Amino acid sequence: MCKHLEKNYDPKKTEESIYKFWEENECFKPSRDESKETYTIVMPPPNITGNLHMGHALDQTMQDTMIRFKRMQGYSALWIPGTDHAAIATEAKLMEQLRTEGISKEKLGRKAFLKRAWEWKNKYGSNITKQLKKLGVSCDWSRERFTMDEGCSEAVKEFFIKLYDKGLIYRGKKIINWCPKCLTSISDSEVNFEELNGHFWYIRYKLVGEDRYVEVATTRPETIFGDVALAVNPNDDRYKDLIGKKVIVPVIGREVSIVGDNYVDMEIGTGVLKITPAHDPNDFEIGLRHNLPVIEVMNEKGCMNELSGRYCGLNRDDARKEFVKKLKEEGYISKIEELSHSVGLCYRCSAVVEPRLSTQWFVKMKELAEKALKCVKDGNIEFVPNRFSKIYYHWMENIKDWCISRQLWWGHRIPVWYCKDCNEIIVSKEEVKECRKCFSKNLKREEDTLDTWFSSGLWPFSVLGWPENTDDLRRFFPTNLLVTGYDIIFFWVAKMIFSSLEMTNKPPFKQVLIHGLVRDSQGRKMSKSLGNGIDPLEVIEQYGADALRFSLILGNSPGNDLRFYSEKVEASRNFANKIWNAARFIHMKLSEKETRKKFNLGELDSIDKWILSRLNKVIEQVTLEMEALDLGLAAQKIYDFVWDEFCDWYIEFSKISNRNSVLVYVFNSILKLLHPFMPFVTEKIWHSFNSQDYPIMVSDFPKHNSNYLSQNAEKEIEVLMSVVKMVRNLRREMNVPQSRKVEINIETTNSNIDEILSKYKNELCRLANIKELNILDKFNISGCAASVNEYAKIYMSLEGLVDIESEIEKLKKELEVSKNQLEQANKRLNNKEFLSKAPKHVVEGAKELVKNLEGKISKLNKSIMEFRI
RNA sequence: GGGAGCAUAGCUCAGUUGGUUAGAGCACUUGCCUUACAAGCAAGGGGUCACAGGUUCGAGUCCUGUUGUUCCCACCA
């Protein structure tokens, strides 16, 4: 038995110690060799509140596979990890904590609150990074960053001030999206629209001085308290004469005028719109156009305020119910319709977002977006797959100003001070003590913090030390690759691009590899509410990290969603075990000394030359796929080669004749090819063959060597394998038990093939369980079963058990198929246009096919004749 | 309303710039505990590549349309 390796690969006994081994040997750090080209990936920072989910697992595995590949290719490869302070999510956790303790945020105070927040971060913030390590991520932990660490905070201030000085940041009173649960503004991209069932209430407004009513359809009757006008389309024949007239707001009794505005859609509802500028962004715009007042009727928690009279204090929903009741009682409602309409929800807490008028800080986007757009259009950043650039273009072309202030405490506090005496706004990195204009000391710092994405937008360069001009920044920026899901293009990718262009004049990365979502086996999004999430850590526990990684990568094309199947992980686990057992076989077969021997290409036989030739083709293909960022195809190529060719054939050959040095060489190459995908098992096996001083992780990725290509050897072994398969096939067909050895007579019409079969007679007999093999021109075929392929005709002696007629039938059927194929091929070759237009190798291929088929057909004919005699 | 993806074996998916007879895993059938591996080996069944046109010597692959499906963006008073 093998003395090094146990029978089955056990990831649990391996992974932790291997990871430690890499860390101790500083394998994760980039090479200090300045002459080496760099390859840099910056990790999308997971939230400190987060737990590893399948999306992370996919994202991280892709990055790790790429960085390992590039590191082995000889780049000075750097992958920088870090975490995100996740303002809303973290603050929500703390608020929850406070709630259980019965303390309010205000009572606690900002300072104490932040102290708690940092304590929370220090306690739980590294959970996610610990989980990442279980996946085997090879990032440089010595460079780990946090979006609120000193350097990143400095970067945020620098960015804010630079944009402010350029006039790209302004403070304004606008309608923004307000989350009444998180109690903060959120940006447009943080609102998710969902189709919900609601109602259309048709409400009658009485015209002043007339006995006529105007009907308005609304979904939000509780905002009537904020009505300041009605609006109709000036082209609407039904209503245009009403423009300028006044109506009385039901229940409230306020007189408001009717205005004409092209925004109003004549098709929707009654074609009359009630205008509530404080609670609807479109109404706000119309209000501006017509100089209408703004009446806010709700507070920050989504409850009605004192302007709503007796409904004051009720939340939106209760106020709506109560007020509708009142309207009904007083006869103002003429109709109620069921209506499905889309409602904006907070992306964090799913509360219905309330459009709210408030003073916030904004980034002026137009100019920034133009540059960011041009950068991608000019090809300075490539999206993979390319179709995602369209999504990016569309977003950039229709962008609105970005609301960056948040009414939260956990985050980067906006570096702005207000003079209470002269209203001067002072933007500064340092604490401001005195107004620069009136020298008053009566200053107040801005309470709000910045949108989390404001700091993560700087991530690719802030982690490298920007705004300082550090060695790392000079050496590793711009970065090479960003890997992320398509769901985050607007949130993050776009923001990094314009931030980087504005601050560094360079794109933050050269390529963006976009992946899809990991769904459950039924294709549903994994979500907490559905409870269908699968914990990657549990999968690792059960199958190992390599198996999880491989199953996420194998056979997935870039950008496509994938379904998670434990069967697929199982298959990957089996593959890891397959490699493991191949290693055991080699250990068992070879002494340590033998594994060190080198081979001389000139002395090798065709079997060795064949596997070397195939290996080199695979190396070439895998390298190409990796460079094209198609990891799924690369993994598939390795899988197929290892299992189908190396294990099923080459190892079997090596049981029959000694093939020591090539066996070891090919296997080591396989380990290297596979290492970026399955780092743990490959490193572990590597150690069993090689000194621990040379981790596979920092070894050289195999390079394609055309000297190893051999068309002849590939052809010879193809002939050998095809005959083995034919015999095996015939045995099954004739129900010959596996244990029974058979006598086989082979007839070929080609002396080359005779030669190959004679040369590998031993292999042929062992692999097809043949007792006696005759390679002859003619023999007695009575009692034989026959099979034919393009290289040979075989007869299997079965001592009278064979029904000659059914043998003939079988051969005839085969003949029919071959004739059809020949006809097709000849048709092509007789077509002048095919000959003149098709590329040479295709024509050659067709000719070869015809030759093979003709050979096969003549053998079949002969065979049938022989049976007849 | 605008845009994108997907549709290939029973299931989940691959299929490079069009090029012989369309692949894998799982599942299924049959036979093997053959000393690396039963987490395995061998053999096998199973496909009008959604539908209809078109381009081409040649289409799963390119173009147009249709259907089904998933998603994104915008708007929804």
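Residue numbering restarts at 1 for every chain, and letters A, B, ... go by the order of the sequence lines. When reading the values below, keep in mind they use all heavy atoms of this one structure, side chains included, and skip hydrogens, waters and symmetry mates. Source: prediction; values computed, not measured.
- Donor-acceptor pairing under 3.5 Å, judged by distance alone, is absent between the side chain of A:Arg728 and the base of B:rA42.
- Among the nucleotides B:rA39, B:rG44, B:rA42, the one closest to any side-chain atom of A:Asp648 is B:rA42.
- Using atom C1' as the reference point in both B:rC6 and B:rC51, the two lie 16 Å apart (nearest Å).
- The separation of B:rG10 from B:rG68, taken at their P atoms, amounts to 23 Å, rounded to a whole angstrom.
- Taking the P atom of each, B:rA36 and B:rG31 are spaced 25 Å apart, rounded to whole Å.
- Contacts of A:Trp643 with the nucleic acid, taken as non-hydrogen atoms under 4.0 Å apart, involve only primed sugar atoms and P, OP1 or OP2.
- Counting only heavy atoms from C-beta on, A:Arg387 has its side chain closest to B:rA4 among B:rA4, B:rA39, B:rG19.
- Considering only side-chain N and O atoms, A:Asn574 lies under 4.0 angstrom from the phosphate OP1 or OP2 of B:rG40.
- Residue A:Lys578 places at least one side-chain N or O closer than 4.0 Å to OP1 or OP2 of B:rC41.
- Sorted by first and then second residue, the salt bridge (Lys or Arg N to Asp or Glu O under 4.0 Å) pairs involving residues 838-851 of chain A (not counting sequence neighbours) are A:Lys715-A:Glu848.
- RNA chain B is contacted by A:His394, A:Lys400 of residues 393-400 of chain A, taking any non-hydrogen atom closer than 4.0 Å.
- Residues forming a salt bridge (charged side-chain N to carboxylate O under 4.0 Å, His left out) with A:Lys637 (at least two apart in sequence, or on another chain): A:Glu625.
- Under the side chain to side chain donor-acceptor pair (under 3.5 Å) criterion, A:Arg387 pairs with A:Asn560, sequence neighbours left out.
- Among the atoms of the strands shown, base atoms are found under 4.0 Å from some heavy atom of A:Val272.
- Taking atom CG of residue A:Leu663 and atom P of nucleotide B:rA36, one finds them 12 Å apart after rounding to whole Å.
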Quick one: which protein N/O atoms are closer than 3.5 Å to N/O atoms of nucleotides 9-17 of chain B? Pair and distance per line, please.
from, atom 1, to, atom 2, distance (Å)
B:rU12, OP1, A:Arg563, NH1, 3.4
B:rC13, OP1, A:Arg563, NE, 3.1
B:rC13, O2', A:Gly555, O, 2.8
B:rA14, OP1, A:Ser557, OG, 3.0
B:rA14, OP1, A:Asn560, ND2, 3.2
B:rA14, O5', A:Gly555, O, 3.2
B:rU16, O2, A:Glu625, OE2, 3.2
B:rU16, N3, A:Glu625, OE2, 3.3
B:rU16, O4, A:Lys637, NZ, 3.1

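- For A:Gln821, there are no side chain to side chain donor-acceptor pair (under 3.5 Å) partners two or more places apart in sequence or in a different chain.
- Nearest heavy atoms, A:Asn233 versus A:Met266: CB-CG, 3.8 Å.
- Nucleotides B:rG1 and B:rA24 place their P atoms 44 Å apart, quoted to the nearest Å.
- Base engagement by A:Val264 is indicated by at least one non-hydrogen atom pair under 4.0 Å involving a base atom.
- The P atoms of B:rG23 and B:rU48 are separated by 15 Å, rounded to the nearest whole Å.
- At the heavy-atom level, A:Glu652 lies under 4.0 Å from base atoms of the strands shown.
- Dashed line: the shortest gap from a side-chain N or O of A:Lys390 to OP1 or OP2 of B:rC72 is not under 4.0 Å.
- A:Phe490 comes within 4.0 angstrom of sugar-phosphate atoms only, judged by non-hydrogen atoms across all strands, and of no base.
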What are the atom names and distances for every N/O pair under 3.5 Å that joins the protein to nucleotides 29-32 of chain B?
from, atom 1, to, atom 2, distance (Å)
B:rU30, O2', A:Arg732, NH1, 3.4
B:rU30, O2', A:Arg732, NH2, 2.8
B:rU30, O2, A:Arg732, NH2, 3.1
B:rG31, O4', A:Arg732, NH1, 3.1

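- For A:Arg519, whose side chain is taken as the heavy atoms from C-beta onward, the closest listed nucleotide among B:rA77, B:rC37, B:rU70 is B:rU70.
- When heavy atoms are screened at a 4.0 angstrom cut-off, A:Asn8 is found touching base atoms of the nucleic acid.
- The side chain to side chain donor-acceptor pair (under 3.5 Å) check on A:Arg320 picks up A:Glu222, with sequence neighbours excluded.
- Note on A:Asn831: only backbone sugar-phosphate atoms sit closer than 4.0 angstrom, heavy atoms only; bases stay farther off.
- Applying the salt bridge (Lys or Arg N to Asp or Glu O under 4.0 Å) test to residues at least two apart or on different chains, none of the pairs has a partner in residues 821-832 of chain A.
- Spacing of P atoms, B:rA9 relative to B:rG15, comes out at 15 Å, to the nearest Å.
- For residues 515-527 of chain A, the pairs satisfying salt bridge (Lys or Arg N to Asp or Glu O under 4.0 Å) are A:Arg519-A:Asp561, A:Asp520-A:Arg524, with sequence neighbours left out.
- Comparing the P positions of B:rU12 and B:rU70 gives an interatomic distance of 14 Å, to the nearest angstrom.
- Evaluated for a side-chain contact (heavy atoms from CB on, under 4.5 Å) with A:Val727, the options A:Val736, A:Leu767, A:Ile744 yield exactly one hit, A:Ile744.
- When the P atom is used for both B:rA59 and B:rC33, the distance is 49 Å, rounded to whole Å.
- Within the structure, side-chain hydrogen bond (donor to acceptor under 3.5 Å, both in side chains) contacts touching residues 268-288 of chain A (residues at least two apart or in different chains) are A:Thr223-A:Lys274, A:Asp227-A:Lys274, A:Asp227-A:Thr276, A:Tyr263-A:Asn282, A:Lys274-A:Thr276.
- Listed by chain and residue number, nothing satisfies the side chain to side chain donor-acceptor pair (under 3.5 Å) test with A:Asp487 (two or more places apart in sequence, or in another chain).
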